[in-house]
Every structure is written in C-alpha cells, then in structure tokens.
Amino acid sequence: MKKDILQVLQKFSPILLNESMLERPIHTNLGDLALPCFSLAKELRKPPVAIAEELAKAIHHPLISKAQAAGGYVNIFVNRSVITDSLLKTIHTQSTAYGSNNDGNGGVVTIDLSSPNIAKPFSMGHLRSTVIGNSIALLLEKNGFKTVKINYIGDWGTQFGKLLTAYRKWGSEQEVQNAPIETLLKLYIRFHEEAELDNSLNVEGRAAFKALEDGDAEALALWDWFKSESLKEFQRIYDLLGVTFDSYNGEAYYNDKMEPIVDELNAKKLLIESDGALVVELEEGMPPCLIKKSDGATLYATRDLSAAIDRKITYNFVKSLYVVGNEQSLHFAQVKQVLSKLGYDWADTIEHIPFGLILKDGTKMSTRKGKIVLLEEVLNDAIALAQSTIEAKNPNVLHKAEVAKAVGVGAIIFSDLKQHRKHDIEFNLASMLQTEGETGPYIQYAYARASAMLKKAGEATLFTVDEVNDFEWEIIKVLEQFPYSVQRAANELNPSIIAKYAIDLAQAFNSFYGNVHVLSDEAHRSYRISLVSSVAIVLKEALKLLGMQAPEEM
Ligand code: ARG
C-alpha cells in the first residue's frame with residue numbers, strides 16, 4: 001500500500017519522494033502514514049509547511065480517505081473499510097497459508113540442532129538449541145525452503161573409553177537400567193576423581209576407547225547399550241517439546257568415514273605436524289585446527305569436517321546451519337575455514353547460529369558437581385504449575401492434562417524465543433507462567449478467548465465492512481504485518497520477531513475484546529466475528545512457528 005500511495009505522491013515530485021520517507025506515526029490520530037516535508041524544502045524552494053499543504057490537496061486515491069497538512073507533515077489516513085475488507089478476505093481464503101512465501105524456492109537447508117551427548121544430562125544449552133533450531137526450521141519452511149533437522153548426537157570420543165572402564169569397575173546393570181543418565185554420569189565423575197589419584201585408570205580408559213574405535217565387539221555392545229538407554233531418556237524430552245528429527249547421524253556415525261578427509265587434507269598439503277599431532281594452520285590469528293592427536297585418535301573437528309561434507313553430498317543444501325551455543329564459535333569458524341582451504345566454495349553457506357546461556361539467579365544453570373539440573377524435571381514442574389493454575393481458575397476445562405502440557409511447555413519455549421537468541425536468559429518458572437505480561441500463556445489465553453467466542457458465534461456468515469473503529473484498526477494493522485514479520489524472521493534467522501509479533505497481536509486483540517461488543521451488536525456482528533477468526537488463524541500460526549500449541553480453552 002505504501003507503494004500505491006507513493007505513486008500518487010510521485011506525480012508531485014518524482015525525484016525526491018521515495019518509500020523510505022513515509023513514516024508510521026505512533027498515534028492513530030496523526031494518520032496511518034505520515035510524510036515529513038522538511039527534506040524537500042531546499043530543492044523545491046518552499047517552506048515545508050507550504051509543501052505539505054500543496055501535497056495534501058493533491059493526494060487522491062481510493063485507498064486514502066483523507067490527507068491533512070500539519071506543521072510540515074502530510075498525515076495520511078487510509079480508507080480503513082476497503083483495506084479491512086480485503087485483508088480479512090485474504091486471511092480467510094488463505095487460512096494457515098497466510099504469510100507464507102516462496103523465497104526459498106525449495107532449496108534445502110540442513111539444521112544441526114539439539115545434539116546432546118549420550119550418558120550426560122540433556123542440558124539447558126541443548127534445550128535452547130532444540131527450541132531455537134526447531135523454530136528456525138518452521139520459519140524456513142514457511143518461507144519456501146525444505147529443511148532437514150539433524151540431531152548430531154555426541155556419542156563418540158575418548159570420554160567413552162573412560163566410561164567403559166568405570167562401568168566395568170564399579171557399574172551395575174540394574175542401576176543403569178533404572179536411571180541411565182544419572183548412573184552413567186556418576187560413574188564418569190567417579191572415574192575423574194579416582195584417576196586423579198591413580199593414573200593407570202587413564203591408561204586403561206585410552207585403551208578402552210582404542211578398542212571401541214577398532215570395533216571390539218564387547219566394548220561396542222556396552223557403548224551401544226549406553227546410547228540406546230540415553231536416547232530413550234532424550235526421547236521423553238522431545239515428546240514433551242513436540243520436536244522431531246530427520247536424522248540422528250551423530251559423531252559415531254562418522255567414526256569410519258574420516259579417512260577420506262584426512263587423505264584429502266594430506267593430498268592438498270594442508271596437514272602439518274605439530275608435537276606429533278596433525279593440524280591445519282589457519283589465518284586471521286585463529287589457532288590451528290586439530291585433526292589427529294599424537295596417538296592417532298581423531299577429534300571433534302575431524303568428525304564435523306566429514307559430517308559437513310557428507311551433508312553437502314547427501315542433501316545438496318543451499319545453507320547449512322548449526323544451532324550451537326556461543327562457546328563453540330571458534331570451533332565452527334575453524335571448521336568453515338578448513339573447508340574453504342580445501343577449495344569448497346560452499347563453505348560460505350555454512351552458518352553457526354550461536355545463542356547465550358540460561359541463567360538462574362545470574363549464574364549459569366548447568367551440570368555442576370553432584371548437583372544436576374534435570375531438564376525433564378524442569379519441564380514437568382512447568383506442566384504441574386500450569387495444571388494447578390487451570391485447576392484454580394477454570395476447573396471445567398476439558399482435556400486438562402493436555403492443556404497443562406501445552407501451557408507449561410509453551411511457557412518455557414516462549415520465554416526462550418521472545419528475546420534475541422544471543423542474549424543470556426534468566427530462568428524463572430513462576431514468571432514464565434504468568435497469564436499477564438509478555439508470556440506464552442498470555443498469548444495462548446488470547447487465542448483461547450477468541451476460540452471461545454467463535455464457538456459461541458456459530459458459523460461465520462458473509463460480511464460487509466462499513467466502519468472500522470480504532471480497536472479494530474489496531475488489529476488490522478498488526479494482521480497486515482504478519483507476512484513481513486515471517487519474512488524478516490526467516491531472513492535474520494530470528495524467531496524473536498515472531499514472538500514479539502504474537503505479543504502485539506494478542507495485545508491488540510485483548511484491548512478489542514475488553515472494549516468492543518462482538519456478539520451482542522447485531523449490526524457489526526458478522527464482520528467482527530470474521531475479524532476474531534482472522535486473529536485466531538494468525539495467532540495459532542504464529543504460535544506454531546514458535547513450536548507451541550494453541551489450546552482452544554485454558
Ligand atoms: N554435542 C555437542 C555438545 O553438546 C554439540 C554438537 C553440535 N553440533 C556439531 N555439529 N558440532 O556440545
């Protein structure tokens with residue numbers, strides 16, 4: 001619409017007027033768009049006030065109801081009914097496809113996300129990666145990309161030699177079965193404590209990993225068992241979060257696929273020996289990338305290099321994303337540079353999507369000695385808290401357990417996604433679950449209100465729009481922005497744009513809800529119902545893009 005209006009204005013001065021000059025006034029009484037005329041004064045040799053007056057008179061367009069000069073500005077009031085009518089019809093016709101575009105043109109984007117380490121607790125960092133990565137995937141799909149979500153499980157490395165050794169010495173099958181991750185973590189911690197006193201344990205650990213690498217059947221069977229027990233625990237978390245993956249190829253998958261990359265680095269004369277280890281030297285003050293240790297063991301970076309190439313061959317991605325915490329920035333910069341040095345121009349399409357920490361009272365929430373924050377417990381606490389609120393406020397809700405799950409989990413997801421991912425976020429369950437303020441439940445509650453109203457209203461009928469009040473107009477302006485927010489969020493790989501959008505829409509809807517009669521005002525009833533159902537469609541879609549559910553009642 002800005003473009004349309006601009007065409008009208010350009011008849012007046014084609015050179016000077018451009019789209020960026022049109023502003024959106026904060027207050028509706030100053031119009032929907034404003035054109036400041038100050039920068040035109042010099043060229044046109046007239047005072048801004050005079051220019052504004054002339055322009056205001058010249059503006060005529062079916063989309064504009066009024067143009068008013070005021071102190072050097074032209075305030076433009078658009079024709080609310082025409083715009084509202086066409087927007088509501090668009091949303092009703094397109095339904096959940098409203099806001100979609102084909103920018104991606106079917107290009108494949110691989111997304112490395114979640115990627116927890118087996119035999120270790122699923123950390124807050126893995127939660128962030130899962131939630132952020134999942135939302136980015138949903139956003140990219142809405143913008144016409146195909147996505148491949150890869151859970152690159154941390155299931156390989158020298159630590160598994162230590163774990164095997166510890167299990168053989170002190171472990172019990174029963175205990176692992178009962179509480180796999182907790183037990184394995186304890187064994188791992190004990191290994192480190194005892195190895196400090198007795199170095200022979202370290203030697204044993206290294207030998208055990210070597211056996212694993214060489215495919216020793218007994219070692220592999222144990223490792224495989226640790227892995228499947230751990231994955232069972234992770235799966236419970238993914239079920240709660242409602243996240244699925246297209247591939248679980250993790251580090252171990254690349255164990256027997258690293259020789260080609262090492263050979264290639266060698267052939268291209270990029271491997272340098274340094275203290276017995278093999279490294280690739282890098283530019284820009286970056287430390288060298290370790291490829292093989294002096295004992296021949298490969299490293300995290302070696303596996304990531306072969307995984308990156310494998311992904312390119314398998315999926316021919318247009319972009320390859322890694323949703324991993326800030327602390328691994330150097331690692332991904334190194335991997336990217338090694339790939340560039342190998343001559344792969346697609347290295348430029350690799351992008352690390354970093355994020356900050358989750359803090360509890362200002363300090364990192366993590367696996368500390370002995371005291372671990374178990375994510376599953378956190379999620380279940382949130383669900384229980386949501387359940388008791390529902391019990392107190394609205395005990396007649398059907399499917400209470402399902403609603404509590406949607407609200408509890410949604411609260412955690414929303415509090416993560418509403419801020420830019422690079423920021424550290426403070427974790428406070430009680431405030432996340434408030435139904436007022438910028439929270440998940442606040443948005444879900446707005447959706448439930450809209451749903452309840454629509455249920456009461458019955459079938460939507462044909463409508464005409466003859467008058468749009470300020471409350472309605474606020475909603476229309478937000479609804480109209482949805483496609484742009486979807487596009488911007490995908491371009492910037494930034495789900496917080498959608499979270500903020502959802503807050504704006506819920507707020508606009510709630511003030512409408514509190515001030516306008518929908519069902520009792522016959523004259524405007526069907527138009528208002530269609531407005532409410534448009535809000536419901538778009539709110540639900542926004543929540544879906546964040547990976548959240550929208551219960552019909554709560
Ligand atoms: N497992 C790793 C960790 O927990 C994260 C893996 C990230 N992805 C990757 N391709 N390196 O720290």
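What you see is a predicted model, and the numbers here were worked out from it, not measured in a lab. Numbering of ligands and ligand atoms starts at 1, following listing order.
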Show every donor-acceptor pair shorter than 3.5 Å between a side-chain atom in residues 542-554 and any protein atom, with sequence neighbours excluded, or say none if there are none.
| from | atom 1 | to | atom 2 | distance (Å) |
| --- | --- | --- | --- | --- |
| E552 | OE2 | Y447 | OH | 3.1 |
| E553 | OE2 | L398 | N | 3.0 |

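The list of salt bridge (charged side-chain N to carboxylate O under 4.0 Å, His left out) pairs with a residue in residues 97-117, not counting sequence neighbours, reads D112-R311.
Taking K405 as the reference, L240, I383, V409 meet the side chain to side chain contact (heavy atoms under 4.5 Å, CB included) condition, with sequence neighbours excluded.
A cation-pi contact links K268 to Y344, judged by a cut-off of 6.0 Å to the six-membered ring centre and 45° from its axis. Under the 6.0 Å distance and 45° angle rule, K312 does not count as a cation-pi partner of Y315.
The shortest side-chain heavy-atom distance between T130 and Y238 falls under the 4.5 Å cut-off.
Contact shell of ligand 1 (protein heavy atoms, cutoff 4.0 Å): D112, S115, N117, H126, Y152, Y300, D304, Y322, V324, Q328, F332.
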